[in-house]
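Before we start, here is the structure in question, set down as structure tokens.
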Amino acid sequence: MCDACLIDSVKASMLSRRALFAGAAATTAAVVASGLTTARPALAQASGKVVDLTHAYDGSFPTFDGNPGILYEPSVKFADSGYQLWKLTIYEHTGTHIDAPLHFTADGTSVADLPPERLICPLCVLDITAKAAQDANAMVEPADIEAWVSANGAIPAGACVAMHSGWAAKVATPEFRNTPDGKFAFPGFSKAATDMLAGLDVACIGVDTLSLDPGNSADFAVHFSWLPGGRFGIENLANLDQLPATGATVFIGAPKHKTGTGGPARVLAVA
């Protein structure tokens, strides 16, 4: 082949490749844009501040039953093998974690089967710190939701509504779990409030305490009504005081073990 022919052939090949790459880039951009359309409304007001709503935890973290929620056992030691890893025994409902519908139903949705579009949500923070300071078993009531809507506008469908009671600041103290005489005492949602939120197509509720129900609940009314409806909850959230009442988006890193009733989660908010 002559030099001129060879040069022409290389040029043609390069132009063809450029056209291919340009087409691929355009297609990728279109796909990305299409995929982001559902998330864009929730992210529209975000400035880029990331807040970690997850407690780091170990065997000393408070649990509902009082037993360690995670146990560590050395599996490979660095001194012996040049690398290291732990064998972990983890109980699903410990640390910052999800309650899936299957937690309070015989055949509900497992944590592995939660719809992924429900794991990225507009976040609405309901501040009940004032009344929680007066009553350790204070509850989010319909009046609190109505006051929030009056101040901030409608709660979006698919939102995560989180209770900020100030309880996360107590996590290293016995008062996070109970009174000095050993009785459960911490804020939660009332069933009347979660019934209202269910009617608004809220995806999940969250609390900065050990349970969706208040500590003095005798019947777990919120667990038994909210979860069987196909919705989920998040317990032991942290840092809700760093977020505005509205305008943030929460990203819920749910575990995905089959038939799971819940499990520890990494929960992040962008505000």
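None of these values were measured; they are calculated from a predicted model.
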Distance (rounded to the nearest 0.5 Å) between Trp148 CH2 and Asp127 CG
12.5 Å
Ring centre gap for Phe186 and Trp167 strictly below 6.0 Å:
no
Aromatic ring pairing Phe64/Phe220, orientation class (parallel under 30°, perpendicular over 60°, tilted between)
tilted
Is the shortest side-chain heavy-atom distance between Asp144 and Ile128 below 4.5 Å?
yes
Is the closest side-chain heavy-atom distance between Leu212 and Glu235 below 4.5 Å?
yes
Any donor-acceptor pair under 3.5 Å linking the side-chain atoms of Glu92 with those of His103?
no
Please check: side-chain N/O of Asn236 versus main-chain N/O of Gly95, any donor-acceptor pairing under 3.5 Å?
yes
Look up atom NZ in Lys77 and atom CG in Leu85, then write down how far apart they are to the nearest 0.5 Å.
12.0 Å
Would you say the side chain of Pro214 lies within less than 4.5 Å of the side chain of Pro187, judging by non-hydrogen atoms?
no
Note: Pro101 and Arg231 closest approach over all heavy atoms is CG-O, 3.2 Å
N-O pairing of Asp201 and Arg118 below 4.0 Å
yes
In sequence, state the C-alpha distance, the side-chain angles, and the governing distance for Lys256 and Asp113, and then conclude on salt bridge (Lys or Arg N to Asp or Glu O under 4.0 Å).
CA-CA 8 Å; Lys256 204 171 181 181; Asp113 296 321; over 6 Å; no
Between Lys49 and Gln242, is there a donor-acceptor pair closer than 3.5 Å when you use the side chain of the first and the backbone of the second?
yes
For the CG atom of Leu126 and the CD1 atom of Ile155, what is their distance to the nearest 0.5 Å?
6.5 Å
So do Asp241 and His164 actually touch side chain to side chain, heavy atoms under 4.5 Å?
yes
Side-chain contact, heavy-atom cut-off 4.5 Å: Val140 with Ser190?
no
Shared ILVMFWY cluster between Val161 and Met163, side chains joined below 4.5 angstrom?
yes
Got Phe104 and Val222 here, is their nearest side-chain heavy-atom distance under 4.5 Å?
no
What is the distance from atom SG of Cys204 to atom CG of Leu123, rounded to the nearest 0.5 Å?
8.5 Å
Quick check against the 3.5 Å criterion: does Ser225 have a side-chain atom that pairs as donor or acceptor with the backbone of Ala221?
yes
Please step through side chain to side chain contact (heavy atoms under 4.5 Å, CB included) for the pair Leu71 and Leu88, ending with a clear verdict.
CA-CA 6 Å; Leu71 302 172; Leu88 300 179; over 6 Å; no
How long is the gap from OG on Ser211 to CG on Asp99, to the nearest 0.5 Å?
7.5 Å
So Leu227 and Thr105, do their side chains get closer than 4.5 Å, heavy atoms only?
no
Counting N and O atoms only, with roles assigned by atom type, does the side chain of Arg177 sit under 3.5 Å from a partner on the main chain of Ala185, one being a donor and the other an acceptor?
no
Are Leu268 and Leu119 grouped together when hydrophobic residues (ILVMFWY) are joined by side-chain heavy atoms under 4.5 angstrom apart?
no
Work out which heavy atom in Gly262 is nearest to a heavy atom in His257; give both atom names and the distance.
O-CE1, 2.9 Å
Closer than 4.0 angstrom, basic N to acidic O: yes or no for Asp52 and Arg266?
yes
Let me check something: do Phe189 and Leu200 share a hydrophobic cluster, defined by ILVMFWY side-chain heavy atoms less than 4.5 Å apart, either directly or through other members?
yes
Student check: side-chain heavy atoms of Pro156 and Cys124 closer than 4.5 Å:
yes
For the hydrophobic clusters of this structure (ILVMFWY residues joined by side-chain heavy atoms under 4.5 Å, transitively), does one cluster hold both Val202 and Met196?
yes
Rounded to the nearest 0.5 Å, what separation is found between the CG atom of Asn178 and the CG atom of Leu210?
9.0 Å
More than 12 heavy atoms of other groups within 6.0 Å of Phe61 CZ
yes
Step-by-step side chain to side chain contact (heavy atoms under 4.5 Å, CB included) determination, Thr89 to Ile70
CA-CA 6 Å; Thr89 301; Ile70 181 170; over 6 Å; no
So, for Thr96 and Leu53, which heavy atoms are closest and what is the spacing to 0.1 Å?
CG2-O, 3.9 Å
Between the main-chain N or O of Phe232 and the side-chain N or O of Trp226, is there a donor-acceptor pair closer than 3.5 Å?
yes
Tell me whether Lys131 is salt-bridged to Asp135, with the criterion being a basic N under 4.0 Å from an acidic carboxylate O.
no
Assess the residue pair His93 and Thr261 against the criterion (side-chain hydrogen bond (donor to acceptor under 3.5 Å, both in side chains)); give the C-alpha distance rounded to whole Å, side-chain angles, the decisive distance to 0.1 Å, and a yes or no.
CA-CA 8 Å; His93 297 271; Thr261 70; 2.9 Å; yes
Provide the closest heavy-atom pair for Leu102 versus Gly260 in the form atom of the first, atom of the second, distance.
CD2-O, 4.0 Å
Flag, side chain of Thr173 to backbone of Lys170, donor-acceptor distance under 3.5 Å
yes
Going through the checks in order, is the side chain to side chain contact (heavy atoms under 4.5 Å, CB included) test met by Cys121 and Ile252?
CA-CA 8 Å; Cys121 314; Ile252 304 161; 4.2 Å; yes
Hey, any chance Leu114 and Val207 share a hydrophobic cluster, counting ILVMFWY side chains that come within less than 4.5 Å of each other, even indirectly?
no
Show the nearest heavy-atom pair for residues Tyr57 and Pro264, with the distance to one decimal.
OH-CG, 3.3 Å
Using atom types as modelled and distance alone, determine if a side-chain donor or acceptor of Asn239 lies under 3.5 Å from a backbone N or O of Thr54.
no
Cut-off 3.5 Å, side chains only: do Asp208 and Ser165 have a donor facing an acceptor?
yes
So, for Ala254 and Val111, which heavy atoms are closest and what is the spacing to 0.1 Å?
CB-CG2, 4.3 Å
Using side chain to side chain contact (heavy atoms under 4.5 Å, CB included), reason through Asp58 and Tyr72 one step at a time and then give a plain yes or no.
CA-CA 9 Å; Asp58 58 17; Tyr72 295 76; 4.1 Å; yes
